[in-house]
Amino acid sequence: MLQIQDQSLRPLTTAHLAQTMSLLVLSNQELRDRVLAELSSNPALELLDERVCPECHRPLRSASPCPVCSRKRASEDGPIVFLSPRESLRPRSGARFQEEPMETEPAAPEDLAIHILRQLASDLAPEDRPLAIYILASLDEDGFLRDHPALIAKATRSSLDRVQRVIALISTADPVGLATLGPRQALLAQLDQIQHEQPIATLARRMLEQTFEELGRREFDKIAHLLGVRPRQVHDAAAFIHANLNPYPARAYWGSGRQAAPGDPNVYHQPDIMISHNPVDEGGPLMVEIFSPISGWLRVNPLFRKAMVTAGESTSEEWSEHLEKASLFVKCIQQRNNTMRKLMQLMVSQQRDFILKGPRHLKPMTRAQVAEAIGVHESTVSRAVANKSVALPDGRIIPLAKFFDRSLSVRDRIKEIVRNEQKPLTDDEIASQLRKEGVKIARRTVAKYRAMEGILPARLRAARQLSQAA
DNA sequence: CTATGGCACGGATT
DNA sequence: AATCCGTGCCATAG
């Protein structure tokens, strides 16, 4: 197949290494921008439509090489890499790309503000644009309004009415719920965007509006009492909220600002990698797709190279530098793809249970061990894992780094212990319970994990049980 | 007096 | 070398 030629694995220069590393840490969205920037600044680099054979420009049926040119390419000069929007492989049968119809990807913004502005382009009156920019810039890191609309109106010398109209507009763009006052309003804004008729959505709305505090403390029974519905329904509605809404919409975007809250599974965003079931064989090997940020053939422009040769000595410094850089860049992308592929192959084979059955089955692995296994430096693994997200077969999107979270399975056990407890267990009791199950951790650590999972201390859980009994 | 959270230390990990 | 993580100690709230 045409993907990565072995020549990409030959000894590296330090410059090569450095650039490979710097590319490896990037998420897809960031890489996309990087590739585009490189393309526009370097004339020696070219990107061809992926449906055309890069050699003879004949249209291609699939992502396979053109039969006419495939033999030729081996001897052809210059690295070339095929970037597809979805690059698929199966874990056990070796790497393989899968043909995929071309999808036009939505513009992937490096910057949340630009992303929003693009979407609003048609709805936003031109004279409101500066105002929108001002508002977006004034949001805090979670994407909420830091200043009161009246303040914004004053600062921009516009009417309060106008400010509120623009804010309302922003809050409807993806990610929905931006520029709201806080998590509650963000959730409500998102609720507005989905089906209104469903009774569960109606109840969810009432809960957000009237019993938000209680919801945060998971006092479902109290909520049921206050709203006069059955606890069962409250549970369902809470689950609905958890599954479909994101209280911190801005955190879905990783490039800018902080990382998503650890432990929060609700990271909405285009994943960098997708793991799914094999459609024909559920029990078979998992399917891994490593998304590429861009599609097409990326290579050094052969015309550019030829032109340089014919120009001979008169070649300017600048040109050869371009050529050098372009070739380096392509090789680095190859290297990046290669590393990601090896990494994911290992992950799906080693952590199959984790992927399919949930957090408890995560086998603790350190980055160093993985590095050893796939034969790269451990810092390479660190970079490969950083800033990437994975979509699991069940639809959850989690940071790739979660695969290396040593405490994940224990935290999951704690969650279960608490869920099944008859009376509220203290941290000490939980610790000894865990010890019986063969997990030796200190009481203090239980407390930390419990906090991470948002589980209340035993005393407060007791209060909840009382209200349930009443 | 007991359960818990804050702070800080040391060892492991990156 | 920098960071993360588990843990012990101690203050505090109930």
Side-chain angles (χ1 to χ4, degrees), chain A residues 14 17-27 30 216-219 251 254 257-264 267 272 335-336 339-340 342-344 346-347 350-351 354 359-360 362-390 398-415 417-419 421-467:
Chain A
T14 51
L17 207 62
Q19 195 177 6
T20 307
M21 292 314 180
S22 71
L23 290 180
L24 195 55
V25 284
L26 300 180
S27 72
E30 293 159 337
R217 280 181 259 121
R218 325 219 151 181
E219 296 169 345
R251 292 190 193 175
W254 289 13
R258 278 180 309 141
Q259 266 214 334
D264 182 355
V267 180
D272 299 301
Q335 193 83 32
R336 180 187 192 273
T339 307
M340 291 306 296
K342 281 197 288 190
L343 174 69
M344 289 317 296
L346 187 73
M347 293 325 265
Q350 298 291 301
Q351 302 287 10
F354 166 63
R360 189 143 349 153
L362 179 68
K363 298 181 192 68
M365 283 200 290
T366 67
R367 292 162 172 79
Q369 287 167 344
V370 171
E372 168 82 12
I374 64 179
V376 297
H377 194 274
E378 55 185 82
S379 71
T380 307
V381 178
S382 281
R383 293 180 162 98
V385 167
N387 300 319
K388 312 284 191 308
S389 60
V390 190
I398 61 170
L400 186 52
K402 247 206 163 94
F403 280 75
F404 296 91
D405 186 334
R406 278 170 294 164
S407 60
L408 200 67
S409 76
V410 182
R411 295 210 305 268
D412 196 52
R413 303 180 92 118
I414 292 181
K415 265 201 277 187
I417 291 176
V418 171
R419 201 177 321 124
E421 73 191 359
Q422 296 309 312
K423 70 170 178 53
L425 299 171
T426 66
D427 291 346
D428 249 327
E429 289 165 326
I430 294 175
S432 65
Q433 170 82 33
L434 283 171
R435 203 161 304 128
K436 268 183 234 158
E437 296 178 27
V439 185
K440 285 169 283 180
I441 55 168
R443 171 243 115 207
R444 188 66 191 80
T445 311
V446 173
K448 287 251 155 106
Y449 288 171
R450 190 171 48 65
M452 278 185 186
E453 298 295 342
I455 300 172
L456 293 168
R459 203 184 320 226
L460 295 175
R461 295 208 302 278
R464 196 191 108 199
Q465 285 219 333
L466 277 181
S467 74

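Throughout, a chain's letter reflects where its sequence line sits, starting with A, and its residues are numbered from 1.
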*On a plain distance test, is the side chain of R443(A) in donor-acceptor contact with the base of dG5(B) below 3.5 Å?*
yes

*So does R450(A) reach the base of dG5(B) with its side chain, donor to acceptor, closer than 3.5 Å?*
no

*Pull out every residue in residues 366-375 of chain A that has a heavy atom closer than 4.0 Å to any atom of DNA chain B, ordered by number, or say none.*
T366(A), R367(A), A368(A)

*Hey, is R360(A) close enough to D412(A) for a salt bridge, meaning N to O under 4.0 Å?*
yes

*Write out all pairs satisfying side-chain hydrogen bond (donor to acceptor under 3.5 Å, both in side chains) with one or both partners inside residues 438-449 of chain A, taking only residues at least two apart or from two chains.*
none

*Start at the 5' end of DNA chain B and walk down; is the nucleotide closest to D428(A) or to R444(A) reached first?*
D428(A)

*Any side-chain heavy atom of I430(A) within less than 4.5 Å of one from E421(A)?*
no

*Using a 4.5 Å cut-off on heavy atoms from C-beta on, say whether the side chain of I417(A) contacts that of L425(A).*
yes

*Quick one: side-chain hydrogen bond (donor to acceptor under 3.5 Å, both in side chains) partners of S379(A), sequence neighbours excluded?*
H377(A), R383(A)

_Going by the rule side-chain hydrogen bond (donor to acceptor under 3.5 Å, both in side chains), which residues pair with S407(A) if we only count those two or more places apart in sequence or in a different chain?_
D405(A), R411(A)

Could you tell me how far apart [X] ([atom1]) and [N] ([atom2]) are, to the nearest whole angstrom?
X: D427(A); N: dG5(B); atom1: CG; atom2: P; result: 7 Å
X: I414(A); N: dT4(B); atom1: CD1; atom2: P; result: 12 Å
X: F403(A); N: dT14(B); atom1: CZ; atom2: C1'; result: 19 Å
X: M452(A); N: dG6(B); atom1: CE; atom2: P; result: 13 Å
X: K448(A); N: dA3(B); atom1: NZ; atom2: P; result: 19 Å
X: E378(A); N: dT13(B); atom1: CD; atom2: P; result: 10 Å

*At the 4.0 Å heavy-atom cut-off to chain A, mark where contacts on DNA chain C begin and end, going 5' to 3'.*
dC5(C) to dG14(C)

*Is the side chain of Q351(A) donor-acceptor paired with the backbone N or O of K363(A) at a distance under 3.5 Å, no angle test?*
yes

*Determine yes or no for a side-chain-to-main-chain donor-acceptor pair under 3.5 angstrom, with N387(A) supplying the side chain and L26(A) the backbone.*
no

*Select base, sugar-phosphate, or nothing to describe what T426(A) touches, counting heavy atoms under 4.0 Å on all strands.*
sugar-phosphate

*asked:* List the residues meeting side chain to side chain contact (heavy atoms under 4.5 Å, CB included) with S382(A), not counting sequence neighbours, and say none if there are none.
replied: R367(A)

